[in-house]
Amino acid sequence: MYEIKKSIYLDFTKNQKAGLCSYLRAMVKKFPNLSCDKIYQKFVDDEKYYLEMNCSRFEFLQDILYEDWFEKDTKKYLNECIKYYQYKEKQRPIIEANKAYEKQKREFLRRVKMSKTPPTKKQIYYYEKLCKKYNLEKTELTSKLDAMEKIDSIIQQHSADYKIPNNGE
């Protein structure tokens, strides 16, 4: 797509080209099911409407909107955008799988780090309070991970105590 940008709209300034290309790319993304010709026609119709209303974002297109070279360049760019988004959509499962793998890896590394650090004062205090509340025997907390797992297991075992009873019970 970036190579195409170098070969189209050669008469436009850098800002004009960037604004127009960005707008066209957004249109392709917004209407993924439309063909290149339909997106181009929609763009031309919208631009014609806004030019008539004197509130166009692309006033520099007023004289060249119906030129053949402009249509050719625009369709060329729209086709590239369509190909880009189709390729990106095909890559989605791979990207999602990579994200899931990276998330698992981060979680594993977080747990490894927690297993090597001593428990915090808050964890120790909370664990002791839970043991006292449920008359459980205290054991030595060796790490943050150990404390977290023991606290979670106590809460899971006594989760019925945390639920609010319904009026029907």
Side-chain angles (χ1 to χ4, degrees), residues 1-6 8 14-36 38-43 45-47 49-50 55-58 74 76-169:
M1 181 163 33
Y2 300 106
E3 291 299 317
I4 294 291
K5 277 176 119 175
K6 294 177 186 176
I8 59 174
K14 183 179 174 183
N15 290 339
Q16 289 173 337
K17 184 190 258 188
L20 181 60
C21 287
S22 175
Y23 184 77
L24 291 171
R25 192 171 58 243
M27 281 190 77
V28 170
K29 191 172 184 179
K30 186 175 180 180
F31 304 109
N33 299 328
L34 293 181
S35 69
C36 174
K38 289 183 180 179
I39 293 173
Y40 174 75
Q41 193 56 48
K42 184 166 180 47
F43 169 72
D45 292 344
D46 288 350
E47 227 12 72
Y49 171 78
Y50 287 120
C55 63
S56 174
R57 190 182 312 173
F58 309 111
T74 305
K76 192 183 218 182
Y77 185 70
L78 288 173
N79 277 324
E80 269 314 297
C81 290
I82 290 169
K83 287 179 192 175
Y84 172 77
Y85 284 117
Q86 286 173 346
Y87 175 76
K88 199 170 181 181
E89 190 61 35
K90 287 179 184 175
Q91 294 295 317
R92 183 182 300 272
I94 297 168
I95 292 169
E96 294 299 322
N98 284 343
K99 282 182 183 178
Y101 171 74
E102 290 296 324
K103 186 176 180 181
Q104 287 176 339
K105 190 168 108 178
R106 284 192 305 273
E107 178 63 23
F108 173 76
L109 293 174
R110 185 180 70 84
R111 292 178 72 81
V112 167
K113 184 178 178 183
M114 284 176 64
S115 70
K116 294 180 181 182
T117 56
T120 63
K121 290 180 182 179
K122 286 182 180 181
Q123 283 179 316
I124 294 169
Y125 176 76
Y126 189 58
Y127 175 70
E128 289 173 354
K129 287 293 184 181
L130 285 174
C131 288
K132 185 177 179 182
K133 180 177 181 179
Y134 295 114
N135 297 324
L136 301 172
E137 188 175 323
K138 295 179 196 171
T139 57
E140 184 68 27
L141 298 176
T142 57
S143 66
K144 281 185 178 181
L145 180 64
D146 185 38
M148 181 182 77
E149 288 173 347
K150 287 181 180 179
I151 290 170
D152 284 345
S153 69
I154 292 171
I155 291 173
Q156 290 298 322
Q157 288 174 357
H158 302 283
S159 62
D161 297 343
Y162 290 105
K163 292 183 180 173
I164 299 172
N166 294 337
N167 292 335
E169 291 182 9

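Residue numbers run from 1 in the order of the sequence given. None of the values given here were measured: they were computed from a predicted structure. Heavy atoms only: backbone and side chains are in, while hydrogens, waters and symmetry mates are out.
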Taking the side chain as every heavy atom from C-beta outward, state whether [X] and [Y] have any pair of such atoms under 4.5 Å apart.
X: Ile82; Y: Cys36; value: yes
X: Lys42; Y: Asp45; value: no
X: Glu47; Y: Phe58; value: yes

Side-chain (Ser22) to main-chain (Gly19) donor-acceptor, under 3.5 angstrom
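The answer is no, because no donor-acceptor pair under 3.5 Å joins these two groups.
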Under a 3.5 Å distance rule, please check whether Lys29 uses its side chain to pair with a backbone N or O of Cys81 as donor and acceptor.
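Such a contact is absent between Lys29 side chain and Cys81 backbone.
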Could you measure the distance from the [atom1] atom of [X] to the [atom2] atom of [Y]? Nearest 0.5 Å is fine.
X: Lys144; Y: Asp146; atom1: NZ; atom2: CG; result: 13.5 Å
X: Glu128; Y: Leu141; atom1: CD; atom2: CG; result: 8.0 Å
X: Lys76; Y: Leu78; atom1: NZ; atom2: CG; result: 12.5 Å
X: His158; Y: Leu136; atom1: NE2; atom2: CG; result: 4.5 Å
X: Met148; Y: Thr120; atom1: CE; atom2: OG1; result: 11.5 Å
X: Leu109; Y: Arg111; atom1: CG; atom2: CZ; result: 12.0 Å

Do the ring planes of Tyr23 and Phe43 sit parallel (below 30°), tilted (30 to 60°) or perpendicular (above 60°)?
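Aromatic pair Tyr23/Phe43 classed tilted.
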Does the pair Lys99/Glu102 count as a salt bridge with the N-to-O cut at 4.0 Å?
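Looking at Glu102 together with Lys99, the answer is no, because their closest N to O distance does not fall below 4.0 Å.
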Minimal non-hydrogen separation, Ala147 against Pro119, with atom names:
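Shortest heavy-atom contact: CB-CB, 4.1 Å.
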So which heavy atom on Cys21 is nearest to which on Lys5, and how close?
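Shortest heavy-atom separation between Cys21 and Lys5 comes out as CB-CE, 3.7 Å.
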Under the side-chain contact (heavy atoms from CB on, under 4.5 Å) criterion, do Met114 and Arg110 qualify, and how do the steps go?
CA-CA 6 Å; Met114 284 176 64; Arg110 185 180 70 84; 3.1 Å; yes
Heavy-atom neighbours of Tyr85 OH exceed 12 at 6.0 Å
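Atom OH in Tyr85 is crowded, with more than 12 foreign heavy atoms closer than 6.0 Å.
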Determine, step by step, whether Leu130 and Ile155 satisfy the side-chain contact (heavy atoms from CB on, under 4.5 Å) criterion, reporting the C-alpha distance in whole Å, the side-chain angles of both residues, the deciding distance to 0.1 Å, and the verdict.
CA-CA 8 Å; Leu130 285 174; Ile155 291 173; 4.3 Å; yes
Have Thr139 and Tyr127 got a donor and an acceptor in their side chains that come within less than 3.5 Å?
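Indeed, the side chains of Thr139 and Tyr127 share at least one donor-acceptor pair under 3.5 Å.
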